Amino acid sequence: MAQILPIASGKGGVGKSAISLNLSVALAQLGKKIVLCDFDFGGANLHTMLGHKNNKPGLGHFINKLEEHLEPLIQKTAVENLGFIAGDCLFPGTANMDYFSKRKILKEINQLDADYVILDLGAGSAYNTLDFFLVNYKSILVTTPEITSILNAYSFLKSSVFRFFAQQFPARSEERKLIQDYTHTRLEGSELSFTNLIEEIYNKYPETGAKAINKLDMFRPQVILNKGRTSSDIEMAQRLKSLVKNKLNMNMEFIGFIPHDDEISISIARRTPLILSNPESEFAKRIYPTANRVINSNFTFNESIFDEEKEDEVLEQLVKEFTNEE
Ligand SMILES: Nc1ncnc2c1ncn2[C@@H]1O[C@H](COP(=O)(O)OP(=O)(O)OP(=O)(O)O)[C@@H](O)[C@H]1O
Ligand SMILES: [Mg+2]
């Protein structure tokens with residue numbers, strides 16, 4: 001089964017696409033079979049960075065049911081072992097995807113003949129993005145050392161951890177309700193933290209709570225710091241790590257420190273991944289160790305996304321909403 005590796009960011013423009021692209025090339029060069037997918041719904045641009053024309057069917061065709069499977073959408077690239085699935089640029093408005101489309105996409109991705117399927121996600125914490133980010137317990141988050149980017153990375157992780165924790169309980173369980181109520185109370189300005197929530201769930205529901213807490217312990221996003229300039233940037237990374245540990249009780253790992261490199265803009269203008277046009281560039285040299293860390297990571301697929309029981313509940317809920325029963 002292919003490993004799905006989503007790449008997200010809290011803030012836009014931090015270099016997700018540049019990293020998704022060059023990391024995919026590096027992994028392909030290291031002998032892994034890769035499918036790179038443009039999952040930036042409404043903002044797809046990987047085709048341009050790859051030098052492909054914007055006239056081929058992509059995810060938009062699948063979501064709009066013009067193509068039944070993902071496999072035929074894979075485009076060959078100039079790199080051996082690297083296939084590409086374009087985004088939805090021929091179909092505006094795909095961003096509001098329903099649960100069933102997401103589930104179908106995931107099922108299809110799982111069946112692709114690849115070692116890794118890399119998803120270049122859109123920026124921010126929209127539910128669709130969070131859901132795809134949560135497909136893997138060790139998805140990648142990109143940030144720059146800028147304080148705004150670090151704080152947005154923290155907010156993204158916070159939204160992810162709440163959603164991840166809630167997903168561990170059935171759709172209309174008491175535990176879910178408690179989490180939802182809790183989120184609302186927080187919005188009203190309470191000082192309660194995520195760690196308090198975990199405690200409360202555990203005290204009230206020791207059995208299901210303990211299970212969810214164990215899962216939470218496995219949730220370890222991997223972070224890449226991009227556009228670094230000085231060694232003090234690494235301190236910013238450490239601060240993010242401590243913040244996440246203290247406030248969210250969550251461990252995150254750093255798998256790459258990528259320097260700021262002006263050659264990236266040149267490579268985008270030339271529509272060729274920098275790692276191909278200049279493997280000796282500072283950017284390219286730091287992508288390879290990151291690719292090796294990816295290969296050595298023990299990825300875990302988040303199987304609760306495919307939970308049949310939960311699907312039935314969601315289906316039931318949707319039918320009720322549709323027929324105004326509730
Ligand atoms: N390491 C780097 N050094 C210098 N410039 C970089 C680096 N990485 C990315 N950039 C530049 O930052 C800009 C944004 O990069 P990119 O499009 O990859 O970001 P993104 O996170 O995918 O953005 P979006 O949120 O719009 O999808 C581009 O102009 C790119 O040239
Ligand atoms: Mg992008």
Side-chain angles (χ1 to χ4, degrees), residues 5-26 36-52 54 58-60 84-89 92 94-95 118-126 128-130 132-133 139-146 148-157 159-160 221-231 233-234 236-237 240 254-291:
L5 189 51
I7 302 192
S9 74
K11 193 169 187 293
V14 296
K16 285 178 302 300
S17 299
I19 286 175
S20 304
L21 177 65
N22 286 280
L23 188 63
S24 297
V25 175
L36 170 63
C37 303
D38 198 334
F39 265 54
D40 189 346
F41 300 106
N45 57 17
L46 269 178
H47 56 279
T48 312
M49 294 166 96
L50 251 176
H52 285 207
N54 178 19
L59 272 167
F84 169 63
I85 299 183
D88 63 342
C89 30
T94 321
I118 310 236
L119 313 182
D120 177 20
L121 300 177
S125 316
N128 281 338
T129 312
L130 286 180
F132 285 119
F133 184 75
S139 291
I140 293 181
L141 185 71
V142 180
T143 178
T144 73
E146 259 183 8
T148 45
S149 174
I150 293 279
L151 290 175
N152 286 6
Y154 172 71
S155 305
F156 182 90
L157 289 172
S159 309
S160 316
Q222 310 196 83
V223 180
I224 294 179
L225 191 86
N226 186 32
K227 304 194 196 187
R229 288 178 192 269
T230 65
S231 54
D233 290 339
I234 295 179
M236 288 304 286
L240 175 64
F254 277 98
I255 57 158
F257 292 95
I258 316 277
H260 181 95
D261 188 336
D262 287 330
E263 286 205 43
I264 276 285
S265 333
I266 302 168
S267 76
I268 294 176
R270 287 194 185 141
R271 301 179 178 216
T272 307
L274 182 55
I275 201 161
L276 288 180
S277 59
N278 187 358
E280 289 306 310
S281 60
E282 287 309 308
F283 180 93
K285 280 198 279 188
R286 300 295 281 276
I287 286 285
Y288 285 109
T290 307

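Not measured: the values here are computed from a predicted model. In listed order, ligands and their atoms are each counted from 1.
In terms of protein heavy-atom proximity, atom 31 (O) of ligand 1 is closest to I264 CG2, 3.2 Å. Among all non-hydrogen protein atoms, the one lying nearest atom 4 (C) of ligand 1 is D261 O, 3.2 Å. Looking from atom 29 (O) of ligand 1 to the surrounding protein, the closest heavy atom is I268 CD1, 4.7 Å. Atom 14 (C) of ligand 1 has its closest protein heavy atom at G13 O, 3.5 Å. Of all protein heavy atoms, the one lying nearest to atom 16 (P) of ligand 1 is G15 CA, 3.7 Å. Of all protein heavy atoms, the one lying nearest to atom 20 (P) of ligand 1 is K16 N, 3.4 Å. The protein heavy atom nearest to atom 9 (C) of ligand 1 is K227 CE, 3.6 Å. Atom 8 (N) of ligand 1 has its closest protein heavy atom at N226 ND2, 3.0 Å.
Set against the non-hydrogen atoms of G12, the atoms of ligand 1 under 4.0 Å away are 25 (O). Per-residue contacts place A123 under 4.0 angstrom from the following atoms of ligand 1 (heavy atoms of the residue considered): 25 (O). When each atom of ligand 1 is checked for a heavy atom of D40 under 4.0 Å away, the hits are 27 (O). Close contacts between ligand 1 and A18 involve ligand atoms 18 (O) [criterion: under 4.0 Å to a heavy atom]. Near S17, meaning under 4.0 Å from any of its heavy atoms, are these atoms of ligand 1: 18 (O), 20 (P), 22 (O). Atom numbering of ligand 1 starts at 1 in the shown order; those under 4.0 Å from a heavy atom of F283 are 1 (N).
Residues L130 and S160 share a closest heavy-atom pair of CD2-OG, 3.6 Å. Across every non-hydrogen atom of N226 and G15, the tightest pair is ND2-CA, 3.6 Å. G122 and T129 get closest at one heavy-atom pair: O-CG2, 3.4 Å. Closest non-hydrogen pair, V142 versus I7, comes out as CG2-CG2, 3.7 Å.
Among L121, L46, L119, I118, the single residue meeting the side-chain contact (heavy atoms from CB on, under 4.5 Å) criterion with D38 is L46.
Within a 4.0 Å radius of atom 18 (O) of ligand 1, the protein contributes one or more non-hydrogen atoms.
Between I140 and L23 there is a side-chain heavy-atom pair separated by less than 4.5 Å. The shortest distance between side-chain heavy atoms of I258 and I287 falls below 4.5 Å.
Assignment of P259 to the shell around ligand 1 is supported, since a heavy atom sits closer than 4.0 Å. For the pair S9 and ligand 1, no heavy-atom separation below 4.0 Å is found.
Interatomic distance, CG of L151 versus CE of M236, reported as 7.0 Å (0.5 Å rounding). Of the inter-residue distances, the one linking F132 atom CZ with C37 atom SG reads 10.0 Å to the nearest 0.5 angstrom.
In this structure F257 satisfies the ring pair (Phe, Tyr, Trp, His ring centres under 6.0 Å) test together with F254, sequence neighbours excluded.
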Could you give me the CA-CA distance, side-chain angles and deciding distance for H52 and N54, then say whether side chain to side chain donor-acceptor pair (under 3.5 Å) is met?
CA-CA 7 Å; H52 285 207; N54 178 19; over 6 Å; no

For S17 and M49, what are the C-alpha separation, side-chain angles and deciding distance, and is it a side chain to side chain contact (heavy atoms under 4.5 Å, CB included)? CA-CA 8 Å; S17 299; M49 294 166 96; 3.6 Å; yes

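Between F133 and F156, the two ring planes are perpendicular [angle over 60°; tilted spans 30° to 60°].
Among protein atoms, those of element N, O or S found less than 2.8 Å away from the Mg ion (ligand 2) are S17 OG.
Remark: the S149 side chain and the K11 side chain contain no N/O donor-acceptor pair separated by less than 3.5 Å.
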